[in-house]
*Asks:* 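Sharing a structure, written as structure tokens. Questions coming.
Numbers for residues simply follow the sequence, beginning at 1. Worth saying up front: this structure is predicted, and the values here are computed from it rather than measured.
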Amino acid sequence: MTASVLRRWAALGLTMPVMVMAAPGSAAPLSFGYFFQVLISLVLVLALLFGTLLLMKRFSHGMPGRLSPLKMVGGLALGTRERVVVVELGDRWLVLGVTAQSVQLLTEQPRPEGVPSQAESAPPFQQWLQRALNRNKEHHAPPSA
């Protein structure tokens, strides 16, 4: 872009709010009509955000999360694009070979006895957050009579 085109865009961007405020059909600032316009705009934006959130939640079934029956136990990189991963599916562990082109089941075995299920063991951050919340509740608890 040339400098003159950039100057024109900048001038338009700087004068746009003045042109909008000076438009004959727009409400004057600090009037009830202006407040109502801002309020309706805010409600529309919040409704749009809420709708987008619901859509993301509805269509994110394959993403890892708490309700997913498939949990990653661990993995090891063998090369730049090759990995061996262990995945927990129910009470079974699947050892998978993962490359850029394919995923292959190497072996399947029952979950070892001494190892807690990935679904039962909370991640370190979740444990820390729960302890912090409990400590906060104890600290701010009303004194017992």
Side-chain angles (χ1 to χ4, degrees), residues 1-106 108 111-112 115-145:
M1 292 184 128
T2 64
S4 64
V5 172
L6 288 175
R7 278 194 295 264
R8 287 182 193 152
W9 278 105
L12 182 63
L14 292 175
T15 59
M16 185 64 76
V18 174
M19 291 189 306
V20 169
M21 287 178 63
S26 67
L30 301 177
S31 69
F32 180 74
Y34 181 74
F35 174 74
F36 190 69
Q37 280 182 332
V38 170
L39 185 66
I40 293 296
S41 299
L42 178 64
V43 168
L44 288 175
V45 168
L46 291 176
L48 183 65
L49 284 173
F50 184 71
T52 304
L53 228 160
L54 286 177
L55 285 175
M56 287 177 60
K57 187 175 183 179
R58 179 179 178 144
F59 293 114
S60 66
H61 293 295
M63 300 182 87
R66 289 181 43 198
L67 302 177
S68 175
L70 203 59
K71 305 289 181 191
M72 175 78 98
V73 175
L76 176 67
L78 301 175
T80 56
R81 296 184 177 191
E82 299 84 19
R83 295 181 62 85
V84 173
V85 294
V86 180
V87 176
E88 181 180 330
L89 180 63
D91 63 344
R92 312 276 305 158
W93 277 11
L94 307 174
V95 181
L96 306 172
V98 181
T99 65
Q101 291 80 24
S102 68
V103 176
Q104 291 186 342
L105 176 65
L106 301 177
E108 181 179 340
R111 182 171 45 87
V115 179
S117 169
Q118 290 293 318
E120 296 167 1
S121 65
F125 176 76
Q126 187 177 357
Q127 291 173 350
W128 174 85
L129 181 62
Q130 191 62 42
R131 282 195 309 267
L133 289 174
N134 289 340
R135 212 175 16 236
N136 191 26
K137 283 182 186 176
E138 292 170 3
H139 181 68
H140 293 296
S144 55

*Asks:* Can you measure from CG (Leu133) to CH2 (Trp128) and round to the nearest 0.5 angstrom?
*Replies:*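 CH2 of Trp128 is found 8.5 Å from CG of Leu133.
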*Asks:* Let me confirm one number: the CZ-CG distance from Arg83 to Leu78, rounded to the nearest 0.5 Å.
*Replies:*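 So the gap between those two atoms works out to 8.5 Å.
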*Asks:* If you define the side chain from C-beta out and look only at heavy atoms, does anything of Ile40 sit under 4.5 Å from Leu44?
*Replies:*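 With C-beta onward as the side chain, the pair touches.
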*Asks:* So, taking the atom named CE in Met56 and the one named CG in Leu54, what distance separates them when rounded to the nearest 0.5 Å?
*Replies:*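 Interatomic distance, Met56 CE to Leu54 CG, rounded to 0.5 Å: 11.0 Å.
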*Asks:* With under 30° as parallel and over 60° as perpendicular, where do the rings of Phe32 and Phe36 fit, or are they tilted in between?
*Replies:*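 Because their plane-to-plane angle is under 30°, the rings of Phe32 and Phe36 count as parallel.
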*Asks:* side-chain contact (heavy atoms from CB on, under 4.5 Å) with Ser102: which residues, sequence neighbours excluded?
*Replies:*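 By the side-chain contact (heavy atoms from CB on, under 4.5 Å) rule, Ser102 matches Thr99, Gln104.
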*Asks:* My understanding is that only residues two or more places apart in sequence, or in another chain, count here; which of them pass side-chain contact (heavy atoms from CB on, under 4.5 Å) with Glu108?
*Replies:*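 Residues passing side-chain contact (heavy atoms from CB on, under 4.5 Å) with Glu108: Arg92, Leu94, Leu105.
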